[in-house]
Chemist: 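Can you read through this structure? Questions will come right after.
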There are 2 protein chains.
Amino acid sequence: MKQLEIFKALSNKTRLEILQWLKDPEASFPAQIHAGFEVGVCVGEIQKKAGLTQSTVSEYLSILQRAGLVESTRVGQWTYYKRNEAAFEELGKIIQSDI
Amino acid sequence: MKQLEIFKALSNKTRLEILQWLKDPEASFPAQIHAGFEVGVCVGEIQKKAGLTQSTVSEYLSILQRAGLVESTRVGQWTYYKRNEAAFEELGKIIQSDI
DNA sequence: TTGGTATATCGGAAAAAGTCGATATACCTT
DNA sequence: AAGGTATATCGACTTTTTCCGATATACCAA
């Protein structure tokens with residue numbers, strides 16, 4: 001668990017918002033046709049909601065993924081992203097004991 | 001608790017190291033003459049250990065303080081910095097529930 | 001295979017953070 | 001009051017991050 005990389009990933013307003021949205025996809029995004037929310041939310045929907053360009057949002061999701069905070073699944077032409085809850089659990093503990 | 005400001009404060013290698021050193025001042029710094037470690041560690045000692053200039057370290061400590069992660073006490077011509085453990089406790093919880 | 005849609009990657013301009021040396025401020029000592 | 005020491009602030013330069021448009025890649029459908 002690369003602390004510095006994680007904190008950098010969390011040091012951006014939009015990326016924090018994306019993580020919030022992914023906590024409750026049903027409440028945050030319109031229903032998905034090609035996959036349920038268990039597999040995640042597709043990049044396009046996240047992009048619309050963020051109001052930034054596709055390239056920026058794709059890059060942000062990569063940053064969150066490299067930090068281990070989200071994971072992705074490719075289904076057909078879509079990539080679905082969802083939170084990695086275990087990472088947040090672990091990070092919380094680390095902050096309370098190691099940082 | 002301004003999450004974004006906290007994560008930015010934690011997004012720097014040296015600042016993370018300073019926080020580590022302040023966890024156990026006895027082990028990390030030479031004995032202090034004008035005040036015990038309960039009040040904190042003075043800027044000069046932190047600066048020596050960090051190997052950066054005085055101005056940089058002073059700025060870093062301000063950043064940590066504005067984020068609420070450390071607190072300072074002025075005693076004579078020295079300013080002593082120590083960790084605010086409550087902030088780390090709270091941050092850990094927030095990460096496990098709100099982020 | 002051609003075209004359409006979704007996502008990723010590349011290259012760059014602008015903004016922010018890192019870091020320094022110089023200077024200012026605060027306090028102590030004489 | 002004057003000089004010395006500790007810390008904070010300022011101005012400048014460099015590096016990193018933000019965010020974009022353009023292009024590439026991957027997959028699907030006809």
Side-chain angles (χ1 to χ4, degrees), chain A residues 2-19 22 29-35 37 39-67 69-82, chain B residues 2-19 22 29-35 37 39-67 69-82:
Chain A
K2 312 139 274 178
Q3 295 170 7
L4 190 56
E5 188 172 16
I6 292 174
F7 290 132
K8 285 185 180 181
L10 293 172
S11 292
N12 175 281
K13 190 161 171 301
T14 302
R15 290 195 293 267
L16 287 178
E17 285 172 349
I18 291 172
L19 290 172
L22 294 181
F29 298 98
Q32 294 188 141
I33 301 179
H34 297 276
F37 285 127
V39 306
V41 179
C42 73
V43 179
E45 290 300 329
I46 298 172
Q47 188 242 312
K48 276 185 222 161
K49 185 134 183 160
L52 294 172
T53 62
Q54 187 271 320
S55 62
T56 298
V57 171
S58 178
E59 168 72 2
Y60 280 8
L61 289 167
S62 293
I63 289 170
L64 290 171
Q65 184 168 38
R66 281 196 297 272
L69 298 171
V70 302
E71 27 189 50
S72 70
T73 312
R74 182 108 201 192
V75 178
Q77 38 194 340
W78 294 274
T79 306
Y80 296 90
Y81 282 89
K82 68 176 174 190
Chain B
K2 312 139 275 178
Q3 296 169 6
L4 188 56
E5 188 171 15
I6 293 174
F7 290 132
K8 284 184 180 179
L10 294 172
S11 293
N12 176 280
K13 188 161 172 302
T14 302
R15 289 196 294 268
L16 287 177
E17 284 172 350
I18 291 172
L19 290 172
L22 293 181
F29 299 98
Q32 295 188 138
I33 302 178
H34 298 277
F37 285 127
V39 308
V41 179
C42 73
V43 180
E45 290 300 329
I46 299 171
Q47 188 243 312
K48 275 185 225 160
K49 186 135 184 161
L52 295 172
T53 62
Q54 187 271 321
S55 61
T56 297
V57 172
S58 178
E59 167 72 2
Y60 279 8
L61 290 167
S62 294
I63 289 170
L64 290 171
Q65 185 168 38
R66 281 197 296 274
L69 298 172
V70 303
E71 27 189 49
S72 70
T73 311
R74 181 104 200 193
V75 177
Q77 38 194 338
W78 294 274
T79 307
Y80 295 90
Y81 283 89
K82 68 177 173 190

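Naming convention: chains lettered A, B, ... in sequence-line order (proteins, then strands); numbering from 1 in each chain.
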Chemist: Determine, stepwise, if the pair B:L19 / B:V70 fulfils side chain to side chain contact (heavy atoms under 4.5 Å, CB included).
Modeler: CA-CA 8 Å; B:L19 290 172; B:V70 303; 3.8 Å; yes
Chemist: Please classify the nucleic acid contact of A:Y80 as base, sugar-phosphate, or nothing, using heavy-atom distances under 4.0 Å.
Modeler: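 Contact class for A:Y80: none.
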Chemist: What nucleotide among D:dG21, D:dT18, C:dA8 has an atom nearest to a side-chain atom of A:Y60?
Modeler: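 So the nucleotide nearest the side chain must be D:dT18.
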Chemist: For A:R66 and A:E59, work out which heavy atoms get closest and say how close.
Modeler: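 Nearest pair, atom of A:R66 first, then A:E59: NH2-OE2, 4.2 Å.
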Chemist: Nearest to the A:N12 side chain among D:dT7, C:dT9, D:dC19, which nucleotide is it?
Modeler: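 Of D:dT7, C:dT9, D:dC19, D:dC19 is nearest to the side chain of A:N12.
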Chemist: Looking for any heavy atom pair under 4.0 Å, which part of the strands does B:T14 touch: base, sugar-phosphate only, or nothing?
Modeler: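 Nothing: the residue B:T14, judged by heavy atoms under 4.0 Å, touches no strand.
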Chemist: Just how far, in rounded Å, is C1' of C:dA17 from CZ of A:F7?
Modeler: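 After rounding, the reported distance stands at 18 Å.
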Chemist: Want to settle it: does A:S62 or A:W78 sit nearer the 5' end of DNA chain C, counting the closest nucleotide to each?
Modeler: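 With A:S62 and A:W78 compared, the 5'-side residue is A:W78.
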Chemist: Let's see if you can work this out: which of D:dT18, C:dG18, C:dT7 has an atom nearest to the side-chain heavy atoms of A:V43?
Modeler: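 Nucleotide nearest to A:V43's side chain: C:dT7.
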Chemist: Report yes or no: is there a donor-acceptor pair, N or O only, under 3.5 Å between the side chain of B:S55 and the base of C:dG21?
Modeler: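 Such a pair exists between side chain and base.
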Chemist: Counting side-chain heavy atoms from C-beta on, which of C:dC20, C:dG4, C:dC27 comes nearest to B:Q77?
Modeler: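 For B:Q77, the side-chain atoms sit closest to C:dC27.
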Chemist: Looking at D:dT7, C:dG18, C:dT9, which one has an atom nearest to any side-chain atom of B:R15?
Modeler: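 Of all the options, the side chain of B:R15 is nearest to C:dG18.
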Chemist: Given D:dA8, D:dA26, D:dC19, which nucleotide is nearest the side-chain atoms of A:T56?
Modeler: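 Nearest to the side chain of A:T56 among the choices is D:dC19.
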Chemist: Name the orientation class of the two ring planes belonging to B:F29 and B:F37 (parallel below 30°, tilted from 30 to 60°, perpendicular beyond 60°).
Modeler: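 If you compare the ring of B:F29 with that of B:F37, the planes turn out tilted.
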Chemist: Using a distance-only criterion (donor-acceptor N/O pair, under 3.5 Å, no hydrogens), is the base of C:dA6 paired with the side chain of A:Q54?
Modeler: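 In this structure, the two groups form no donor-acceptor pair.
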Chemist: State whether A:K49 and A:E45 are salt-bridged, where the test is any N-O pair (Lys NZ or Arg NE/NH1/NH2 against Asp/Glu carboxylate O) under 4.0 Å.
Modeler: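 Salt bridge: no.
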Chemist: Which nucleotide, C:dA8, C:dC20, C:dA26, lies nearest any side-chain atom of B:R74?
Modeler: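 For B:R74, the side-chain atoms sit closest to C:dA26.
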Chemist: Which atom pair, heavy atoms only, marks the closest approach of A:T14 to A:A50?
Modeler: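 Taking A:T14 first and A:A50 second, the nearest heavy atoms are CG2-CB, 4.1 Å.
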Chemist: Could you tell me how far apart A:I33 (CD1) and C:dA6 (C1') are, to the nearest whole angstrom?
Modeler: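 Atom CD1 in A:I33 sits about 14 Å away from atom C1' in C:dA6.
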Chemist: Run the salt-bridge test on B:K8 and B:E5 with the 4.0 Å N-O cut-off and return the result as yes or no.
Modeler: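 Here B:K8 does not pair with B:E5 in a salt bridge, since their nearest N and O are not under 4.0 Å apart.
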Chemist: Please state how far atom CD in A:E5 lies from atom C1' in D:dT17, giving the value in whole angstrom units.
Modeler: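 The answer, rounded to whole Å, is 14 Å.
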Chemist: Choosing from D:dC19, C:dG18, D:dA22, which nucleotide comes nearest the side chain of B:I63?
Modeler: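 Nearest listed nucleotide: C:dG18.
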Chemist: What is the nucleic acid contact for A:L61, judged by heavy atoms within less than 4.0 Å: base, sugar-phosphate only, or nothing?
Modeler: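 It contacts nothing in the nucleic acid.
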Chemist: Specify the residue among A:S72 and B:E59 whose closest nucleotide of DNA chain C lies further upstream toward the 5′ end.
Modeler: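 Its nearest nucleotide being more 5', the pick is A:S72.
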Chemist: Under 4.0 Å, counting only non-hydrogen atoms across every strand here, what does B:T79 touch: a base, just sugar-phosphate, or nothing?
Modeler: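 Result for B:T79 = sugar-phosphate.
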Chemist: If I take atom CG in residue B:L10 and atom P in nucleotide C:dA17, what distance separates them, rounded to the nearest angstrom?
Modeler: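 Going from B:L10 (CG) to C:dA17 (P), I get 14 Å.
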Chemist: Over how many whole Å does the gap from A:L4 atom CG to D:dT17 atom C1' extend?
Modeler: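 Those two atoms, CG and C1', are 13 Å apart.
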